[in-house]
Amino acid sequence: MKRFLGLFCILGAVASIQGCKMKNAGSVVEGDAASKVYVAPGKYDELYNFVSGGFNGQVSVYGLPSGRLLKIIPVFSVNPESGYGYSEESKPMLTTSQGFVPWDDQHHLALSQTNGEQDGRWLFANANNSPRIARIDLKSFRTAEILEIPNSAGNHSSPFITENTEYTIAGTRFSVPVGNEDVPVSSFKDNFKSTASFISIDKESGRMKIAFQIILPGMDLDLSRAGKGPSHGWFFFSTYNTEQAHTLLEVNASKKDKDYIVAVNWKKAEEYVKAGKGKKLKTSYVHNVWNEETHSAVSTKETEVITLDPAELKDLVYMIPCPKSPHGCDVDPSGEYIVGSGKLAALIPVFSFSKLQDAISKKQFEGEYHNIPVLDYTKVLYGEVQKPGLGPLHTEFDDKGNAYTSFFISSEIVKWNLKDLKILDRVPTFYSIGHLMVPGGDTRKPYGKYVMAYNKITKDRYLPTGPELAQSAQLYSIEGDKMKLLLDFPTVGEPHYAQAIPAEKVRDKSIKIFDIFKNKNPYVTMGEKNAKVTRKGNRVDVYMTAIRSHLNPDNIEGVFLGDTVYFHVTNLEQDWDIPHGFAIKHAASAELLIMPGETATLKYVPTRVGIVPFYCTDFCSALHQEMQGYLRVSPRGAKVPLKFGIGESVSAPTVAAAK
């Protein structure tokens, strides 16, 4: 009963803080803050800040220190602004084993690394709802690949990566029966499992592949980090609900004083797979890959994965006791310290990797959890940060040996020293911080300089917008001994986690156009003289070009009710930042936004007879308004020949009227 009372007290504190207006919210910024975040017109920001979109399903890109929104990258949700998920070329990117899924819940991000440092090649993003991992190409700022994760539900502890981008990982939040068995929910302890998927990444292309899945007992994997330096070859996952409750988890999954951090020896896993110790499991999942030459995606069905069972392979996985309901599980730049953040704990435990290795070699275990060795807490503990705050969630590190932990309940960031575990500073956040981010704070070489807070609540911070207010990011300087709030700004969607990278590692690699002479889309129109309209049965294909300031053809006749029309639009421009849009009246989809040198396709099914306008949606020149045309839709069986053209030039192919 005492455990429950303690839990209820904490939950009551949460409600109290969230329900009250914080005092002096406007007086925390010091006088020189504006000069430190000001980026003059025409000047570039110092950092790219990639922020998860949460329930928005996308990734947003901000400049730091200005906080200016630069781009929203479509990833897991359809995007009518760009036509992502609406164009025929991009629809396969959102295909899953359950069909076309137009939305997801995007939580975490990871930048690719080489030798433990950010290299600016790729950004990985997770999908929490329909388990998937995406790879974004930072040359084009486009989603290049999406891989579905089988035998998983709630892909939360992902897509964190190893220090040479050997693997990105996907950990199960919701335990489920492997193989989608029809079993009672009450059989959780017997039939439900969690999985940790290790996805290999090709060093040159970035192409992803599920290398193996580790089948773990039914519990919730929350967050994770790879080892680095001396701990390279290991991965660490935080867990909660090791009680294996299946109802009213806020009470039933909070009974134990300690849950676990799962320590996985992935180098050993590689050895077992190579030795044939893995088991092939039949399953079904989808792999979607974007081709920059054809400007289109291909979706491929996969049918099996290799699984490893740590209950049989005893030196593969170990459990580290960690108080209590841990969320964060973070490894410092040296690779020696593993920081656990128990949401309901009154301290922060810091574990030692060297002590972990010593305890394993000496078999200093305090028992087993579902046949997996549980290490002695005292033997692997480096020390505890005492009374740091309420509700610790996540920790990142600077380049000076300091750690920064977010506290959801007490709404603050706390700075502490890794060596002596002493608290050095604390600052309030506004309000209820979730994740925080130090640029490079998850790498061997943090950039430092700033810490960002990603907050869930913004009461009194911005102009009111009805019942729902914007969520926010807040930028703090960590250059001195004390943290200083510099800036806050609203964010798109719910900002769970973010990554930031120095602009020079990405900026100069950014492509400006797609070379039209390398365009291998099967429907490309290479020049206006090749524009045409063809019919095959009830299918009509319009091979259209777009250039400042007209579409070709801009008059089309001989289309009938019952036809399906495909507009294949090629942007002939070869100039930076001159996309063209394409939209047709009452199309049951969205617009296209076609980059210079690119081809994209919009499917249109007429629903009534008449003249249907189409036009360019992206302002491109002084005569943008004139960039328009007409499609004539006639009754089925009408004696209207197929005609198309531009100006006085009209083609009339010898194609009979549709019957």
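A 4.5 Å side-chain heavy-atom check between Arg548 and Met627 finds every atom pair outside the cut-off. Between Tyr84 and Leu94, the closest side-chain pair of non-hydrogen atoms falls below 4.5 Å. For the pair Phe235/Thr162, a side-chain contact is recorded, criterion being any heavy-atom separation below 4.5 Å from C-beta on. A heavy-atom distance below 4.5 Å is not found between the side chains of Ser66 and Val37. Counting heavy atoms from C-beta outward, Phe212 and Tyr167 have side chains that approach closer than 4.5 Å. Looking at His496 and Lys456, their side chains come closer than 4.5 Å, going by heavy atoms from C-beta outward. When side chains are defined from C-beta on, Tyr62 does not count as touching Asp45, because their heavy atoms never get closer than 4.5 Å. Considering only heavy atoms from C-beta on, Arg132 comes within 4.5 Å of Val101 through its side chain.
Arg135 places a side-chain N or O within 3.5 Å of a backbone atom of Gly206 that can act as its donor or acceptor partner. When atom types are taken as modelled, the side chain of Glu117 and the backbone of Lys445 share no donor-acceptor pair closer than 3.5 angstrom. Under the 3.5 Å distance criterion, the side-chain polar atoms of Asp515 are matched with a main-chain donor or acceptor of Phe517. Side chain of Arg121 to backbone of Lys203: a donor-acceptor contact under 3.5 angstrom is found. Side chain of Asn164 to backbone of Glu166: no donor-acceptor contact under 3.5 angstrom is found. A donor-acceptor contact shorter than 3.5 Å links the side chain of Asn291 to the backbone of Thr294.
Taking every heavy atom of both residues into account, Leu138 and Gly120 meet most closely at CB-O, 3.6 Å. Shortest non-hydrogen contact noted between Pro553 and Val533 is CG-CG2, 4.1 Å. The minimum heavy-atom distance linking Asn126 with His107 is given by the pair OD1-N, 3.0 Å. Looking at every heavy atom in both residues, Asp105 comes nearest to Gly54 through OD1-C, 3.2 Å. Minimum interatomic distance between Asn552 and Ala531 (heavy atoms only, all atoms of both residues): O-CB, 3.6 Å.
The CG atom of Leu593 sits 10.5 Å away from atom NE2 of His580, with the distance rounded to the nearest 0.5 Å. Rounding to the nearest 0.5 Å gives a distance of 10.0 Å between OG of Ser589 and OH of Tyr604. Taken from CG in Asn521 to NE2 in His568, the straight-line distance is 8.5 Å, to the nearest 0.5 Å. Annotation: the span from Ile199 atom CD1 to Met208 atom CE amounts to 6.5 Å, rounded to 0.5 Å. Between the CG atom in Leu551 and the OH atom in Tyr630 there is a gap of 12.5 Å [rounded to 0.5 Å]. To the nearest 0.5 Å, atoms CD (Glu598) and OG (Ser296) are separated by 10.0 Å.
Atom NZ of Lys209 has 12 or fewer heavy atoms from other residues, nucleotides or ligands within 6.0 Å. Residue Tyr462 places its OH atom among more than 12 non-hydrogen atoms of other residues, nucleotides or ligands, all under 6.0 Å distant. The 12-atom threshold is not exceeded at OH of Tyr615, counting heavy atoms of other residues, nucleotides or ligands nearer than 6.0 Å. Within a 6.0 Å sphere centred on CZ of Phe55, other residues, nucleotides and ligands contribute more than 12 heavy atoms. Atom NZ of Lys139 is surrounded by 12 or fewer heavy atoms from other residues, nucleotides or ligands within 6.0 Å.
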Do Lys518 and Glu293 pass the salt bridge (Lys or Arg N to Asp or Glu O under 4.0 Å) test, and can you show the C-alpha distance, the side-chain angles, and the key distance before you say yes or no?
CA-CA 6 Å; Lys518 296 180 180 179; Glu293 291 186 334; over 6 Å; no

I would like to know whether Tyr447 and Leu47 meet side chain to side chain contact (heavy atoms under 4.5 Å, CB included); could you show each step before the answer?
CA-CA 10 Å; Tyr447 181 77; Leu47 299 157; 3.7 Å; yes

Side chain to side chain contact (heavy atoms under 4.5 Å, CB included) between Leu64 and Met452: does it pass, once the steps are laid out?
CA-CA 10 Å; Leu64 292 181; Met452 292 286 297; 4.2 Å; yes

Is there a side chain to side chain donor-acceptor pair (under 3.5 Å) between Ser130 and Thr96? Walk through the geometry before answering.
CA-CA 8 Å; Ser130 296; Thr96 74; 5.5 Å; no

Trace of the side chain to side chain contact (heavy atoms under 4.5 Å, CB included) decision for Arg636 with Asn538:
CA-CA 10 Å; Arg636 190 136 207 93; Asn538 294 337; 2.3 Å; yes

Start with the C-alpha gap between Glu304 and Lys282, add the side-chain angles, then the distance that decides, and say whether salt bridge (Lys or Arg N to Asp or Glu O under 4.0 Å) holds.
CA-CA 4 Å; Glu304 69 177 21; Lys282 292 295 181 183; 3.5 Å; yes

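Note: Phe619 and His624 have tilted aromatic rings, judged against thresholds of 30 and 60 degrees for the angle between ring planes. Taking the six-membered ring where tryptophan is involved, the planes of Phe514 and His295 are perpendicular, since the angle between them exceeds 60° and thus also 30°. Relative orientation of the His108 and His156 rings is perpendicular, given thresholds of 30° and 60° on the angle between their planes. By the 30° and 60° cut-offs, the orientation of the rings of Phe124 relative to Trp122 is perpendicular.
In this structure, Asp577 does not pair ionically with Lys512, as no charged nitrogen and carboxylate oxygen lie closer than 4.0 Å.
For the residue pair Glu89 / Thr601, a side-chain donor-acceptor distance below 3.5 Å is found, with atom types taken as modelled. Between the side chains of His287 and Glu145, a donor-acceptor pair is found at a separation under 3.5 Å. Arg142 and Ser140 share no side-chain donor-acceptor pair at under 3.5 Å. Residues Thr443 and Gln113 bring no donor and acceptor atom of their side chains to less than 3.5 Å of each other. Between the side chains of Ser152 and Asn155, not a single donor N or O lies within less than 3.5 Å of an accepting N or O. Between Thr599 and Thr570, the side chains place a donor N or O and an acceptor N or O closer than 3.5 Å (distance only, hydrogens not considered). Side chain to side chain, Thr525 and Asn530 fail the donor-acceptor criterion of an N or O pair below 3.5 Å. Using modelled atom types and a 3.5 Å distance limit, the side chains of Ser472 and Thr458 yield no donor-acceptor pair. A donor-acceptor contact under 3.5 angstrom links the side chains of Ser299 and Asn288, judged on distance only.
Qualifying side-chain hydrogen bond (donor to acceptor under 3.5 Å, both in side chains) partners for Arg539, counting only residues two or more places apart in sequence or in other chains: Tyr523, Asp541. A search for ring-ring contact (aromatic ring centres under 6.0 Å, His included) contacts involving Tyr450 returns nothing, not counting sequence neighbours.
Here Phe582 and Phe614 bring their ring centres to under 6.0 angstrom of each other.
Residue pairs that meet the side-chain hydrogen bond (donor to acceptor under 3.5 Å, both in side chains) test with at least one member in residues 553-562, sequence neighbours left out, are Glu557-Arg632.
Checked options Thr283, Thr195, Asn151; the residue passing with Gln213 is Asn151 (criterion: side-chain hydrogen bond (donor to acceptor under 3.5 Å, both in side chains)).
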